[in-house]
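Take a look at the structure below.
Predicted model, so just to flag it, every value in this text is computed and none were measured.
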Amino acid sequence: MDEDEVARVSRTPEEVFRDFRGRRAGMIKALTTDVDKFYQQCDPEKENLCLYGFPNETWEVNLPAEEVPPELPEPALGINFARDGMAEKDWLSLVAVHSDAWLLAVAFYFGARFGFDKESRRQLHNMINNLPTIYEVVTGTVKQQSREKNPNGTSKSNKSSSKKAEPQKSSKMPPSKEEDGSRVEDAEENEEEHENTLCGACGDNYANDEFWICCDMCEKWFHGKCVRITPARAEHIKQYKCPSCSNNKRGRA
């Protein structure tokens with residue numbers, strides 16, 4: 001990133017967080033929905049490569065910056081060298097951890113560069129902390145934590161069963177609270193139950209005005225737009241497999 005790009009980031013915690021969130025979304029795509037492309041680009045035969053996330057929610061595998069010191073903190077160097085020496089899921093998890101560290105470094109670099117005071121730094125940290133980490137999204141830890149939460153006093157098994165059965169009643173979508181008659185109360189309870197549900201692709205929270213679909217293999221929820229599934233297409237899918245589960249057929253460890 002050059003001086004002009006740094007200047008485009010506003011000097012407020014909200015704008016730095018927007019930059020953080022865009023970069024995070026791009027890196028999550030690389031490690032989930034675009035994992036095949038990402039895997040192929042991380043050829044161990046190439047030079048030291050880094051995974052970059054950009055504010056416009058895109059990603060890139062490239063060489064590190066040539067200037068020393070660089071304008072921004074650099075991502076972990078040489079992620080491609082470990083690709084074939086580890087199980088794929090372990091390698092992706094490792095890249096995810098380093099990606100989380102880089103995102104924090106960039107965000108607080110901006111905070112220091114723009115002279116954030118203690119309150120502004122705390123505000124930025126709190127906004128960041130309200131999102132799951134890339135590692136949590138990639139490894140499915142977010143889903144596990146959501147299942148273990150029990151805000152309504154019901155058992156974990158009941159909550160899990162309800163969540164799994166509901167898509168069959170609503171075209172593979174999380175329940176909406178806009179149901180009629182006697183189901184309004186049940187819908188409100190389901191809305192609370194799904195408020196911590198996160199998209200397995202972008203990591204954003206569930207919203208009842210968006211189409212979602214659940215993978216029948218790993219049981220992760222996805223925005224339809226993130227996995228390119230429309231409500232009409234979902235009606236004809238008997239068993240939906242998300243991109244990650246479909247890619248498992250390749251047989252890589």
Side-chain angles (χ1 to χ4, degrees), residues 13-35 38 51-59 75-76 79 88-108 110-111 121-152 156 159-160 163-164 167 173-174 190-215 217-227 242-245:
E14 291 81 3
E15 288 299 322
V16 173
F17 174 67
R18 184 179 300 174
D19 179 274
F20 172 93
R21 188 166 181 169
R23 295 176 189 276
R24 170 181 169 275
M27 299 178 97
I28 288 176
K29 287 178 182 177
L31 298 172
T32 55
T33 55
D34 296 346
V35 68
F38 172 67
L51 171 61
Y52 293 88
F54 299 108
N56 63 352
E57 301 186 4
T58 60
W59 60 274
I79 57 172
E88 182 180 352
K89 65 178 181 179
D90 294 333
W91 176 67
L92 292 173
S93 298
L94 180 63
V95 176
V97 169
H98 282 292
S99 298
D100 283 318
W102 178 68
L103 287 176
L104 287 174
V106 171
F108 281 88
F110 284 134
R121 293 194 302 271
R122 179 184 293 111
Q123 182 181 354
L124 175 59
H125 178 270
N126 288 342
M127 288 188 291
I128 290 173
N129 203 41
N130 283 332
L131 292 175
T133 64
I134 296 177
Y135 174 83
E136 289 174 328
V137 173
V138 170
T139 61
T141 306
V142 173
K143 180 182 175 184
Q144 180 180 351
Q145 291 174 344
S146 179
R147 282 182 172 181
E148 291 175 353
K149 289 181 180 180
N150 194 14
N152 297 323
K156 288 191 293 183
K159 183 175 181 180
S160 178
K163 182 176 177 181
K164 185 176 181 180
M173 295 172 63
N190 282 326
E191 179 72 15
E192 293 179 1
E193 183 175 307
H194 285 279
E195 63 182 1
N196 292 319
T197 301
L198 300 166
C199 176
C202 70
D204 281 350
N205 291 87
Y206 158 69
N208 70 328
D209 59 346
E210 296 178 302
F211 170 70
W212 281 52
I213 187 167
C214 182
C215 175
M217 302 301 292
C218 66
E219 297 185 9
K220 289 182 181 179
W221 288 99
F222 297 87
H223 289 110
K225 62 183 180 181
C226 289
V227 291
C242 68
S244 295
C245 289

Locate the shortest heavy-atom distance separating P132 from G203; write the atom from each residue and the value.
CG-O, 3.8 Å
Test side chain to side chain donor-acceptor pair (under 3.5 Å) applied to E14 - qualifying residues, sequence neighbours left out:
Q123
Please list, chain by chain and in numerical order, all residues satisfying side chain to side chain contact (heavy atoms under 4.5 Å, CB included) with N129, sequence neighbours excluded.
H125
Only counting residues at least two apart or in another chain, list the ones meeting side chain to side chain contact (heavy atoms under 4.5 Å, CB included) with N126.
R122
With sequence neighbours left out, the residues meeting side chain to side chain donor-acceptor pair (under 3.5 Å) with R18 are E15
Criterion side-chain contact (heavy atoms from CB on, under 4.5 Å) on V137 and L198, from CA distance to verdict
CA-CA 8 Å; V137 173; L198 300 166; 5.6 Å; no
Work out which heavy atom in C199 is nearest to a heavy atom in F222; give both atom names and the distance.
SG-CA, 3.8 Å
Can you name the nearest heavy-atom pair linking A107 to F20, along with the distance?
CB-CD1, 4.1 Å
Separation between NZ of K89 and OG of S244, rounded to the nearest 0.5 Å:
13.0 Å
Nearest-0.5 Å distance that lies between atom CD1 in I128 and atom CZ in F17:
7.0 Å
Pairwise side-chain contact, T32 with P243, heavy-atom cut-off 4.5 Å (strictly under):
no
Using every non-hydrogen atom in the two residues, find where M27 and I134 come nearest and quote the distance to one decimal.
CB-CD1, 3.8 Å
CD1 (I28) and OG1 (T133) are apart, to the nearest 0.5 Å, by 8.5 Å
Indicate yes or no: at least one non-hydrogen side-chain atom of H223 is less than 4.5 angstrom from one of W212.
yes
Any K220 side-chain heavy atom under 4.5 Å of C242 side chain:
no
Approximate separation, where rounding is to 0.5 Å, of D34 CG and W59 CH2:
6.0 Å
Could you tell me which residues satisfy ring-ring contact (aromatic ring centres under 6.0 Å, His included) with W91, sequence neighbours excluded, listed by chain and number?
F38, Y39
Atom CG in L104, atom CH2 in W102: separation rounded to 0.5 Å?
11.5 Å
Check L51 against S99 and note the closest heavy-atom contact, atom names and distance.
CD2-OG, 3.9 Å
How many angstroms lie between SG in C202 and CZ in R24, if you round to the nearest 0.5 Å?
7.5 Å
Quick one: closest heavy-atom pair of T141 and T139, and the distance?
OG1-OG1, 2.7 Å
Can any side-chain N or O of R121 pair as donor or acceptor with the backbone N or O of F108 at less than 3.5 Å?
no
Partners meeting side chain to side chain donor-acceptor pair (under 3.5 Å) with Y135 (sequence neighbours left out):
none
Between V106 and R23, is the side-chain contact (heavy atoms from CB on, under 4.5 Å) condition met? List the steps.
CA-CA 10 Å; V106 171; R23 295 176 189 276; 4.0 Å; yes
